[in-house]
S.K.: 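My structure is below; once you've seen it, I'll send some questions.
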Amino acid sequence: LNNLIFIASDNSPLSADAGDNFYRSILYYRLWERTTLSRIFADFNALNTHRPPLTMLLPIALYYFLGLNPGVALMTNIIFIFILLISTYIIGKNLFNENVGIVAAIFIMLYPGISAFSRVFLDDFSLTAIFCLAMALLLLTNNFSNTKYAVLLGVVAGFGLLTKFNFLIFSLGPIIYYVIISLQEKGKRILLNVLIAAILCFLVSLIWYAFNAKHYFMLYFGPKHVNWEITNLKDIIKPANLLYYIRQMIYAQIYLFYFIIFILALFFIYYYRKNISKNLSLLFLWIIVPFVILSLSPMRAARYTLPYLPA
């Protein structure tokens, strides 16, 4: 409701990446007016070669009914708010109990960073919701013994990669860990479901990466980018820069009050670690792995680490 009020009352234009997302979403909307069936995939991928398109594609149906307006594009975030709330509840319930799930769902929308970026047309908030949904489905696979949820996990993970490649950075630690403990508890019979999820993720992501992978990876991981990172290495490893995302948590994402609660929770979890599910390690890996990787990148922004705030 707050977001709808904000959308209705805010007339400021979208700028920078948010403005570019809106512009390209309009290009996608108008694509159907000028493409042909034989050229649809080529024309679709030619519109955007440097950023996965899911966030830009979602408003298209709303444009048809409500018009080409930035506020209409922002309305898609309401969908992601519901996904984030439900997914956070499922994660809390599976790791602890139903009450923890409810409290976690309430807390997540009280974080200033989450609330603020839910009102911006950027892929970081949608990535946060989709990644949270993927983690919820991961737990629902019950150590990859449930094929239905493994299938859903694979599809959602594919959508995550179509939202932003950083999905891989956030999922790397938790998914590898979960596969390992699943093998320990269920044996090798779960490997088929792991393979199904991985294949579906790959196939879904091919919708965009099959056409744009070379350009995308050269742009962000090619020699020019690597040389730029090497040139800035001394700046990257400065203690102040390595602590950048800690400062962002305090000043921009969750603020000091919630940060203190977070630190106290870490002490509580460590003290009672023997009585807490080992699946809780997912939360640590969910935070630590992307924190380290993104801290070592010269490109930093508070929004880049939104997806680990639900943890």
Side-chain angles (χ1 to χ4, degrees), residues 80 83-98 100-101 103-105 108 126-205 262 265-266 268-270 272-294 304-311:
F80 289 117
I83 292 174
L84 181 60
L85 289 173
I86 294 169
S87 302
T88 303
Y89 165 76
I90 292 172
I91 293 169
K93 180 182 177 181
N94 275 268
L95 291 180
F96 296 97
N97 55 57
E98 187 172 3
V100 171
V103 172
I108 192 61
S126 48
L127 175 65
T128 301
I130 291 175
F131 181 75
C132 207
L133 176 59
M135 290 299 98
L137 291 170
L138 183 69
L139 293 173
L140 289 174
T141 64
N142 188 24
N143 296 118
F144 282 100
S145 62
N146 189 309
T147 303
K148 177 181 70 174
Y149 285 115
V151 168
L152 289 173
L153 172 62
V155 173
V156 169
F159 286 144
L161 287 172
L162 288 175
T163 303
K164 195 169 186 178
F165 186 74
N166 280 15
F167 180 90
L168 182 63
I169 294 175
F170 287 93
S171 61
L172 200 60
I175 289 182
I176 290 175
Y177 171 78
Y178 198 74
V179 169
I180 291 172
I181 65 170
S182 296
L183 284 169
Q184 292 174 348
E185 295 191 4
K186 302 290 185 179
K188 293 182 180 180
R189 67 179 184 272
I190 61 100
L191 287 176
L192 178 60
N193 284 342
V194 174
L195 185 62
I196 289 172
I199 291 173
L200 285 173
C201 173
F202 176 73
L203 292 176
V204 171
S205 67
F262 169 67
L266 290 180
F268 176 84
I269 290 169
Y270 178 79
Y272 290 101
R273 62 190 182 279
K274 293 183 179 179
N275 300 319
I276 294 175
S277 169
K278 61 182 178 181
N279 285 345
L280 198 63
S281 297
L282 284 173
L283 300 184
F284 289 103
L285 292 169
W286 183 343
I287 297 170
I288 291 170
V289 174
F291 176 84
V292 172
I293 293 174
L294 295 174
Y304 293 166
T305 54
L306 283 185
Y308 66 42
L309 294 187

S.K.: Could you please spell out the steps behind the side-chain contact (heavy atoms from CB on, under 4.5 Å) verdict for I190 and L183?
M.R.: CA-CA 7 Å; I190 61 100; L183 284 169; 3.8 Å; yes

S.K.: Would you check if the side chain of Y149 reaches a backbone N or O of L138 as a donor-acceptor pair within less than 3.5 Å?
M.R.: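 Pair absent, no side-chain N/O of Y149 close to backbone of L138.
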
S.K.: Locate the shortest heavy-atom distance separating A134 from F167; write the atom from each residue and the value.
M.R.: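 Heavy atoms only, the tightest pair is CB-CZ, 3.9 Å.
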
S.K.: Enter the distance from I175:CD1 to L285:CG here, rounded to the nearest 0.5 Å.
M.R.: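 Output value for this atom pair is 11.5 Å.
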
S.K.: Working to the nearest 0.5 Å, report the span between CD of E185 and OH of Y178.
M.R.: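 It is 8.0 Å, given to the nearest 0.5 Å.
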
S.K.: Nearest 0.5 Å, please: how far is CD1 in I83 from OG1 in T88?
M.R.: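 Taking OG1 in T88 and CD1 in I83, the distance rounds to 11.0 Å.
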
S.K.: Contact between T128 and F170 at the side-chain level, heavy atoms closer than 4.5 Å - yes or no?
M.R.: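 Side chain of T128 against side chain of F170, heavy atoms only: no contact under 4.5 Å found.
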
S.K.: Nearest 0.5 angstrom please: I293 CD1 to N166 CG, how far?
M.R.: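 Going from the CD1 atom of I293 to the CG atom of N166 covers 9.0 Å.
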
S.K.: Does a side-chain heavy-atom distance below 4.5 Å link T305 with F291?
M.R.: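 Heavy-atom side-chain distance check fails, nothing below 4.5 Å.
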
S.K.: Hey, could you give me the NZ/CG distance between K148 and L137, rounded to the nearest 0.5 Å?
M.R.: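 Here the rounded value is 10.5 Å.
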
S.K.: Look up atom CG in L282 and atom CD1 in I91, then write down how far apart they are to the nearest 0.5 Å.
M.R.: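 That separation rounds to 9.0 Å.
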
S.K.: Answer whether the closest heavy-atom distance between the side chains of F262 and I287 falls below 4.5 Å.
M.R.: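 Side chain of F262 against side chain of I287, heavy atoms only: contact under 4.5 Å found.
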
S.K.: Do L139 and I90 touch side chain to side chain, with heavy atoms closer than 4.5 Å?
M.R.: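 No, side chains not in contact.
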
S.K.: Closer than 3.5 angstrom, by distance alone: can the side chain of W286 be matched with the main-chain N or O of P307 as a donor-acceptor pair?
M.R.: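 The answer is yes, because a donor-acceptor pair under 3.5 Å joins these two groups.
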
S.K.: Could you check whether any side-chain heavy atom of V292 comes within less than 4.5 Å of a side-chain heavy atom of I288, counting everything from C-beta outward?
M.R.: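 With C-beta onward as the side chain, the pair touches.
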
S.K.: Is the backbone N or O of L84 less than 3.5 Å from a side-chain atom of S87, with the two atoms forming a donor-acceptor pair by type?
M.R.: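 Not a single qualifying donor-acceptor pair exists.
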
S.K.: Check ring pair (Phe, Tyr, Trp, His ring centres under 6.0 Å) between Y308 and all other residues, then give those that pass, not counting sequence neighbours.
M.R.: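 With sequence neighbours excluded, Y308 shows a ring pair (Phe, Tyr, Trp, His ring centres under 6.0 Å) to no residue whatsoever.
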
S.K.: Could you please spell out the steps behind the side-chain contact (heavy atoms from CB on, under 4.5 Å) verdict for Y177 and V289?
M.R.: CA-CA 12 Å; Y177 171 78; V289 174; over 6 Å; no

S.K.: Determine, step by step, whether I196 and L192 satisfy the side-chain contact (heavy atoms from CB on, under 4.5 Å) criterion, reporting the C-alpha distance in whole Å, the side-chain angles of both residues, the deciding distance to 0.1 Å, and the verdict.
M.R.: CA-CA 6 Å; I196 289 172; L192 178 60; 4.1 Å; yes

S.K.: Can you pull the side-chain hydrogen bond (donor to acceptor under 3.5 Å, both in side chains) pairs that have at least one residue in residues 193-203, sequence neighbours excluded?
M.R.: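 Qualifying pairs, neighbours excluded: T147-N193.
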
S.K.: Do the non-hydrogen side-chain atoms of N143 and I181 ever get within less than 4.5 Å of each other?
M.R.: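 Sidechains of I181 and N143: in contact.
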
S.K.: Identify all side-chain donor-acceptor contacts of residues 150-165 below 3.5 Å with residues at least two apart in sequence or on another chain.
M.R.:
residue: T163; atom: OG1; partner: F159; partner atom: O; Å: 2.8
residue: K164; atom: NZ; partner: D124; partner atom: OD1; Å: 2.6

